[in-house]
2 protein chains.
Amino acid sequence: RCVSAATPTEEMNGAGNLMDFLDEPFPDVGTYEDFHTIDWLREKSRDTDRHRKITSKSKESIWELIKSLLDAWSGWVVMLLIGLLSGTLAGVIDLAVDWMTDLKEGVCLSAFWYSHEQCCWTSNETTFDDRDKCPQWQKWAELMTGHAEGAGAYVLNYFLYVLWALLFSFLAVSLVRVFAPYACGSGIPEIKTILSGFIIRGYLGKWTLLIKTVTLVLAVSSGLSLGKEGPLVHVACCCGNLFCSLFSKYSKNEGKRREVLSAAAAAGVSVAFGAPIGGVLFSLEEVSYYFPLKTLWRSFFAALVAAFTLRSINPFGNSRLVLFYVEYHTPWYMAELVPFILLGVFGGLWGTLFIRANIAWCRRRKTTQLGKYPVLEVIAVTGITAVLAYPNPYTRRSTSELISELFNDCGALESSQLCDYINNPNMSRPVDDIPDRPAGPGVYNALWQLALALIFKIVITIFTFGMKIPSGLFIPSMAVGAIAGRIVGIAVEQMAYHHHDWIIFKNWCRPGADCVTPGLYAMVGAAACLGGVTRMTVSLVVIMFELTGGLEYIVPLMAAAVTSKWVADAFGKEGIYESHIQLNGYPYLDVRDEFTHRTLATDVMRPRRNDPPLAVLTQDSTTVEDVETLIKDTDYNGFPVVVSRESERLIGFVQRRDLTLAIKNARQKQDGVVSSSVVYFTEDAPQLPASNPQPLKLRRILNLSPFTVTDHTPMETVVDIFRKLGLRQCLVTRSGRLLGIITKKDVLRHMAQMMNQDPESIMFN
Amino acid sequence: RCVSAATPTEEMNGAGNLMDFLDEPFPDVGTYEDFHTIDWLREKSRDTDRHRKITSKSKESIWELIKSLLDAWSGWVVMLLIGLLSGTLAGVIDLAVDWMTDLKEGVCLSAFWYSHEQCCWTSNETTFDDRDKCPQWQKWAELMTGHAEGAGAYVLNYFLYVLWALLFSFLAVSLVRVFAPYACGSGIPEIKTILSGFIIRGYLGKWTLLIKTVTLVLAVSSGLSLGKEGPLVHVACCCGNLFCSLFSKYSKNEGKRREVLSAAAAAGVSVAFGAPIGGVLFSLEEVSYYFPLKTLWRSFFAALVAAFTLRSINPFGNSRLVLFYVEYHTPWYMAELVPFILLGVFGGLWGTLFIRANIAWCRRRKTTQLGKYPVLEVIAVTGITAVLAYPNPYTRRSTSELISELFNDCGALESSQLCDYINNPNMSRPVDDIPDRPAGPGVYNALWQLALALIFKIVITIFTFGMKIPSGLFIPSMAVGAIAGRIVGIAVEQMAYHHHDWIIFKNWCRPGADCVTPGLYAMVGAAACLGGVTRMTVSLVVIMFELTGGLEYIVPLMAAAVTSKWVADAFGKEGIYESHIQLNGYPYLDVRDEFTHRTLATDVMRPRRNDPPLAVLTQDSTTVEDVETLIKDTDYNGFPVVVSRESERLIGFVQRRDLTLAIKNARQKQDGVVSSSVVYFTEDAPQLPASNPQPLKLRRILNLSPFTVTDHTPMETVVDIFRKLGLRQCLVTRSGRLLGIITKKDVLRHMAQMMNQDPESIMFN
C-alpha cells in the first residue's frame with residue numbers, strides 16, 4: 001500500500017523517503033539481522049529524518065513541543081539512569097565479593113552477612129594493633145572444632161577454602177552455561193566489535209546483565225586469578241542497552257544506540273576504578289569506534305554519576321572514590337627513572353608473553369576436545385588455584401587487597417610483614433617521615449613469598465582468562481606488575497641504604513634520608529604490566545593516577561607506560577582485546593592499523609576475474625519472478641540497480657531485506673502484482689495496456705545515493721572511507737560504469753591477507 | 001621530462017604515481033597556495049607512499065635501515081623538542097611578566113631584575129607577618145622623593161603606574177604592527193582554522209613566534225584585562241611548526257604537519273595552566289580537527305615534557321606544576337549545588353553577553369574608521385584600564401594573583417582583607433579547622449571593591465579582546481567568575497552563620513562548624529564563566545581540577561559547567577572562537593554543527609540552473625591551447641576530465657596547479673609540444689602521423705580516484721563526508737554522468753544560508 005502511494009514530490013527526497021516507508025508497520029523493516037554489520041551513514045540519515053520530523057511537528061502544538069523537548073533531553077536521562085544503575089550494581093558487587101571472599105575463611109558470628117572487616121569494625125573488642133582479630137570473627141576450624149591453631153585446624157581451613165572456591169566457581173560456570181552463554185569472558189572484545197557496528201543479539205540483554213552480575217561475584221569470590229573490571233564494563237553496557245529500550249530514539253537506531261553504549265563503557269570503567277576521567281579516556285581510546293564530542297561530554301556525565309553513586313554506597317567504607325589510595329611522603333628522583341624504565345621493559349615482555357600464551361591456549365580450547373568440557377575446565381583451574389594459593393599469604397587473600405598492600409608506603413604503624421624493617425631506636429622523627437632502614441627478616445621472607453606469588457600469578461592467569469566465566473584482566477595484570485615492582489623497589493631501597501656512597505645514589509640519597517618508596521615502584525610496575533597487555537596509553541596513566549590520587553607521579557607512570565608499549569609493540573601490534581577479536585573472527589576494522597600496501601580497489605572488488613558477473617537489477621526490465629529467483633539463488637545483502645545491462649550505469653542500491661519485505665507486502669496487499677509484474681525503480685512507470693500485469697514500483701526502497709569509488713582508488717583510501725564513514729558496502733565504477741562491489745568483509749579479508757601472508761597474496765595479484 | 005617517462009605499469013598505480021611526479025624538482029609542486037584548503041586524503045596518500053618507499057628501501061642497506069628508524073622516531077623527537085622549547089618559553093614569559101608587572105609599582109634595590117616577591121624573599125629583613133614589605137623593595141615615589149606615604153606619593157605612584165602601562169602596551173602594539181601582524185589576538189580561532197586544513201602562510205612562522213613571545217610579556221605586564229593562555233597555545237604551535245621544518249616527513253606534508261600542531265596546542269595549554277591532561281583534552285575537544293589515537297598519545301607526551309620543563313624552571317618558586325594550588329578543609333554539601341548552579345547560570349549569561357558584545361565591537365572595528373588606528377586604540381584602552389584599575393587593590397595587581405587570592409581558603413594566618421573575620425577569642429582549635437565566623441569590616445569593604453572590580457572587568461574585557469596585541473581570554477573570564485563566585489560564597493557563608501536554624505542549613509551546618517568555603521565558590525564561578533565563553537566541557541573540568549589539585553570537587557565544577565553551557569547554548573550555539581572564525585570568514589567546517597536540512601547534493605552543486613556549463617576537459621580531444629585558455633578564463637582549483645563532452649562520463653580530476661606546472665614544464669623541456677598539441681589523459685596516446693604535433697601525455701597528474709556522490713545524496717551525508725574525509729571538492733554524478741561539482745566553500749556557503757536565513761533559502765530552492 002505505502003509503496004504505491006508515492007507521489008513525485010516525495011520521491012524527490014532521496015534517502016528521506018526510506019524513512020516514510022519504514023514508518024509503516026512492517027515487522028523488522030530497517031533493522032539488521034543477527035551477526036550483520038550496520039550501515040552508519042544510513043542510521044545517521046534515519047536519525048536526522050526523525051529529528052527533522054519532531055522539530056517540524058513541535059511547532060504545531062504545545063504537546064508536540066513538550067514531546068520534542070523530552071526527546072532532546074532523553075540522552076541525558078539515559079546517561080543519568082546508566083550512571084545510577086551501574087554505580088549501584090558495582091556497589092552491590094563490591095559488597096558481595098567482600099563478604100563471599102571472607103566466607104572462604106570464616107564467618108562472622110554476630111551477623112553472618114558481615115565481611116571480616118565489617119565484623120571486627122563493629123566489634124568493641126578490637127584493639128588497634130590487631131585490627132583484623134576479634135572474637136566475633138571465627139575461622140571455620142575454630143567454629144567447627146573449637147581449635148583455632150594447630151595442624152588439624154590448618155588442614156580443615158585449607159580444605160574448606162578449596163571447597164568454597166570450587167563451589168563458587170561451579171555455580172558461576174553452571175549459571176553461565178545454562179542461562180546466558182554470552183556472560184562469559186571480559187566482554188570487552190565483543191563490545192569493541194559491537195561498537196564498531198556489528199550486531200550480536202542478546203549480548204547486551206537483560207538476561208546477560210543479571211547472570212553476569214551474579215556470576216561475576218561468584219567468580220571473583222572463588223579466588224581465581226581474575227578481576228571484575230572488564231566484566232563491569234560489560235555490565236554497564238547491558239545497563240545502557242536496557243535503558244535504550246525506553247526511548248525509541250535509541251532503541252530503533254543502531255547508530256544512536258552505540259553512542260549510548262560508548263558512554264556506558266566509560267561508566268563501567270569509572271565504577272571499576274573510581275576513575276571517571278580515566279573511564280572516559282578508556283572508552284575513547286580503547287573501546288569506542290565513533291566518539292563524537294557530544295558523546296565525550298555525555299560519557300563524562302554518566303561516568304561521574306556512576307562514580308558518585310558508588311561513593312554514596314561507599315562499599316570500601318572509606319568514603320573515597322579511589323580504590324588504592326596512596327600517599328607517599330617523598331618525591332621521586334631522576335635516577336629512579338632507570339628502574340622505572342626497566343619495569344616498563346618487564347611489563348612489555350609480560351604483555352607479549354601473556355598475549356601469545358593466552359591466545360595459543362584459547363586456540364587450543366577452540367580447536368580441541370578441551371572446549372567441550374568448560375565446567376570441568378573451570379573446576380580444575382579453580383582447584384589448582386585454590387590449592388596453590390592457600391599456603392602463600394600473598395595469594396590467599398583477594399588480589400585487590402594484595403595490590404593495595406603492595407602500593408602502600410610503610411608507615412611507622414604498619415603491621416604488615418612487608419614493613420618489618422629494623423628501626424633505629426633513637427629515631428625521634430614525626431611518624432610520617434621515616435628514613436630508609438635496613439630490611440628485617442620479615443621483609444626477606446616476604447620477598448620469597450612474593451617471588452613465588454609472581455610465578456604463580458603469571459602462569460595461572462594465562463589459563464584463567466578466556467574460560468567460560470566472567471573474567472577481567474586488569475587486576476591480575478596489575479598484580480603481576482605490582483609484585484615485580486615491589487621486589488625491585490625493595491632491592492633499590494636496600495641498595496641505596498647500604499651503599500650511600502655509590503655514585504648513582506650519592507647525589508640524591510644522603511644517609512638517614514627517606515629516598516626510595518617501594519610502593520611507588522609497585523604502582524609503576526602495575527601500570528607497565530597493564531599497559532603491556534592492553535596497550536592503553538593515556539587512559540592507563542590517567543586511571544593509575546586517579547586510582548592512587550598521585551598527580552605528582554605522572555612522569556614515572558608515563559615513562560613505564562611508554563616503554564612497556566614500545567617493547568610490547570616491537571613483538572606484535574595487537575593488544576589482548578584485538579587478539580581475541582581476531583581469534584574469534586569478528587569483523588572488526590581497527591582504527592589503529594595503518595594500511596600501507598599498494599593495492600587498488602579493482603584488486604579487492606568482487607566479482608573477481610573468473611567469477612560469474614555481478615548480480616544486478618535493472619531499473620525497468622526485471623520481473624517480480626526474476627527478483628525472487630535472484631534472492632533465492634544468492635546470499636548477498638543487497639543488489640545494485642543499473643539503467644540497463646548493456647550500459648551498466650548505476651542508479652542505486654537496494655537492500656536484500658527491504659526487497660524481500662516489499663515484494664512480500666505487495667503480493668499480499670496490492671492487487672494485480674503477480675510473478676510476471678515488472679519491477680520499476682524509475683520515477684514514473686509507463687502507462688501499460690490493461691492486459692499487462694500491474695507494475696510494482698519500488699523506487700521508495702531504492703537508495704539513490706550509494707557510495708561509489710573508481711577502480712583506481714588506492715585501497716588505503718578505501719579502507720579509510722570504510723572506517724571513517726562506517727560503510728557496509730561500496731560500489732566500484734570506471735568512467736561511470738558499474739564494475740563490482742566491495743563489502744566490509746572483503747576489506748577485512750584483504751587486510752588480513754596483506755598483513756599476514758604477504759608473499760602469497762602478492763603472488764595472487 | 002618526467003611526464004613522458006611514464007611506463008604502463010607505473011601508470012596503473014593511481015594516486016601512487018602522483019608521488020613519483022612530485023619527486024621531480026619542480027618548485028612548489030604538491031604544495032598549496034596561501035589561503036587555500038588542503039586535501040586530507042591526498043596528503044594521507046602521499047605520506048603512505050613516502051612511508052612505503054622508506055620501508056622498501058630499508059631492506060637494502062644498514063644505512064637505509066637506520067634512516068627508516070630515524071624517520072619512525074622523528075615524531076617523538078619533534079614532540080620532545082616542542083615540549084622543551086614551549087616549556088622554556090613559558091617559564092621565561094612567566095618570569096618576565098612577574099618582573100615587569102611589579103616594575104609598574106616599584107623596583108628592587110638589591111637587584112633591579114628581581115620581582116617584588118623575589119626581592120623580599122631573598123631579603124633577611126622580611127617578617128612573617130608582612131611578607132611583601134621589605135626595605136629592598138621601594139615604590140617609585142619612595143625612591144624618587146623619599147616619601148613612601150601621603151597624597152603626593154600616591155599621585156606620583158599612580159602617574160608612574162599609568163605611564164609604565166602605556167609604555168608597555170605602546171611597545172607591544174608597535175612591535176606587532178611593524179614586525180608580525182599575525183602575532184595579535186589569541187590565535188586560537190586561526191589555529192582551529194589551520195588545523196581544519198586551511199593554509200595561512202607565516203601565521204606560525206619564526207618571526208611570529210619571536211614577536212608574539214615578546215609582545216605577550218609586554219601586553220600582560222601592561223595590566224590590560226587579558227591573559228597569556230591563548231597566546232601560549234599560538235606560541236607552542238609556532239614551536240611545532242618550527243621543528244616540523246627539521247624533518248621532511250612533516251615539513252612536506254600538510255596533513256602530517258597538522259598532527260604535530262595538534263600536539264603542540266596541547267603542550268601550549270599544558271604550560272599555560274600546568275595541566276598536561278587538560279591540555280590534551282583541550283586540544284582534542286576545542287582546537288583539533290582530526291585527532292587520531294596516535295596524536296593523542298604524542299600530545300600527551302609533548303604536554304608532559306612541556307609541563308616538566310616548566311616545573312624545572314620553577315617560575316612560581318613553589319615547585320608545583322599547579323598555578324592556583326588550593327587545599328580546602330571541608331567537603332561540599334548537596335544543598336550547595338543550588339548556589340553552584342546559580343553560578344553556572346551567571347557564567348552562561350556572562351558568556352552570551354561577552355560573545356555578543358565583543359563580536360559587535362569587533363565588527364564595528366572591522367567596518368568603521370576605528371580599525372585604522374590600532375595603536376591609538378590600544379593606548380586609549382590601556383590608559384582607561386590603568387587609570388581605573390589603580391585605585392582598586394583588586395584590579396591593581398595582576399589578574400592571576402587576584403584569582404589565586406579569591407580561590408584561597410582563609411586560614412588563621414591569612415593577612416588578606418578578604419579574611420578579616422571576627423575571631424572567637426576562645427577558639428582553641430588547630431589552625432586548619434576554623435569554624436564559620438562573622439565577617440569583619442574588611443570583608444564588607446572587600447565585597448564593595450570586588451563588586452566594582454567585577455563591573456570593571458566585565459566591561460573592559462569586551463573592549464580588550466580583539467585588539468592588535470596578543471590577548472588571551474581564559475584569565476579575564478576566570479577572574480570575572482571568581483569575583484562573582486567569591487561574593488556569592490561569602491554571602492552564603494554569612495547566611496549560614498547567622499541563620500543556622502533555617503531549614504536549608506539545618507541539616508548540614510551546625511553552629512561552630514566550618515560549613516561553607518567561599519574559595520570553592522570562586523573556583524566554581526571561574527569554571528562557569530570560562531565555560532560560558534569557550535563552551536569547553538570535559539577539558540574545562542579537567543583543567544580546573546589540575547589547576548587547583550582538587551579531585552574531590554569534580555561534581556560542583558561539573559554542575560556549574562553543564563549549567564553554564566546549557567544556558568549559553570540556549571542563546572547561541574557558538575563559543576567565542578567559532579564566533580571569531582565566522583567574523584573573519586575563515587572556511588571552517590565545524591564538527592559540532594549538526595546539519596539537519598532536507599537539501600540534496602543537486603541543490604548545492606555548481607553549475608546552478610542558469611549558469612554556464614561546467615568547465616571540463618576531455619580525455620583525448622583538448623589541445624594545449626584550449627587548456628591554457630581554460631586556465632586563464634576561470635579561477636577554479638581543478639577540472640574534471642571526462643571521456644567526451646557527449647557522454648559526460650567521468651574519468652578523473654586534475655588540479656589547476658599541477659596542470660599549469662606540467663604544461664609550463666613540457667613547453668620548456670619537451671620538444672614538439674606546441675599550442676596545438678593534443679593533451680591525452682588516456683593510458684596510451686595513439687600513434688599519430690609525424691606531421692601532427694607531439695601529443696602531451698598528462699595521465700600522471702590525473703587523479704584517477706576523484707570523490708563522487710550522486711545528485712540524490714542528502715546534503716547531511718555530503719557534509720559528513722567533507723568533514724570526516726577532509727575533502728576539498730566532490731563531483732556530482734547521476735547514473736554515471738557528470739553533473740557538477742561541490743567544493744568545501746559551496747558546502748560552507750550552503751550551511752550558512754540554511755542556518756541563518758532559513759526562509760530566504762527555502763524560497764530560493
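The figures that follow rest on heavy atoms only: side chains count, while hydrogens, waters and symmetry mates do not. Owing to the predicted nature of the structure, the values given are computational and were not obtained by experimental measurement. First the proteins, then the strands, lettered A, B, ... as listed; each starts at 1.
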What part of [X] lies closer than 4.5 angstrom to a heavy atom of chain B: side chain, backbone, both or neither?
{"X": "A/K44", "answer": "both"}
{"X": "A/M536", "answer": "neither"}
{"X": "A/E716", "answer": "side chain"}

When only pairs under 4.5 Å are counted, which of A/I651, A/T537, A/T48, A/T55 shares the most heavy-atom pairs with chain B?
A/T537
So which of A/T733, A/V709, A/I721 has the biggest tally of heavy-atom pairs under 4.5 Å with chain B?
A/I721
Please verify the inter-ring angle class for A/W566 with B/W76; under 30° counts as parallel, over 60° as perpendicular, anything in between as tilted.
perpendicular
B/F707 vs A/F707 aromatic rings, parallel, tilted or perpendicular, using cut-offs 30° and 60°?
perpendicular
Side-chain contact, heavy-atom cut-off 4.5 Å: [X] with [Y]?
{"X": "A/M558", "Y": "B/F300", "value": "yes"}
{"X": "A/I554", "Y": "B/I277", "value": "yes"}
{"X": "B/L293", "Y": "A/V538", "value": "no"}

Would you mind telling me which of B/L650, B/V641, B/V643 makes a side chain to side chain contact (heavy atoms under 4.5 Å, CB included) with A/S735?
B/V643
Verify side chain to side chain contact (heavy atoms under 4.5 Å, CB included) between A/E285 and B/W297, making sure each step is shown before the conclusion.
CA-CA 10 Å; A/E285 190 183 337; B/W297 191 211; 5.9 Å; no
Using non-hydrogen atoms and a 4.5 Å limit, figure out which bit of [X] sits close to chain A: side chain, backbone, both or neither.
{"X": "B/L296", "value": "both"}
{"X": "B/V562", "value": "both"}
{"X": "B/L284", "value": "both"}

Would you find a donor on one side and an acceptor on the other, under 3.5 Å apart, between the side chain of A/S705 and the backbone of B/T710?
no
Please answer whether the main-chain N or O of A/G736 pairs with a side-chain N or O of B/R649 as donor and acceptor at a distance below 3.5 Å.
no
Most chain A-contacting option - heavy-atom pairs closer than 4.5 Å, from B/Q619, B/R737, B/K294, B/R734
B/R737
Go through the steps for A/D711 and B/L704 under the test side chain to side chain contact (heavy atoms under 4.5 Å, CB included), then give the verdict.
CA-CA 8 Å; A/D711 58 339; B/L704 288 168; over 6 Å; no
Using a cut-off of 6.0 Å, state whether more than 12 heavy atoms not belonging to A/K724 lie near its atom NZ.
yes
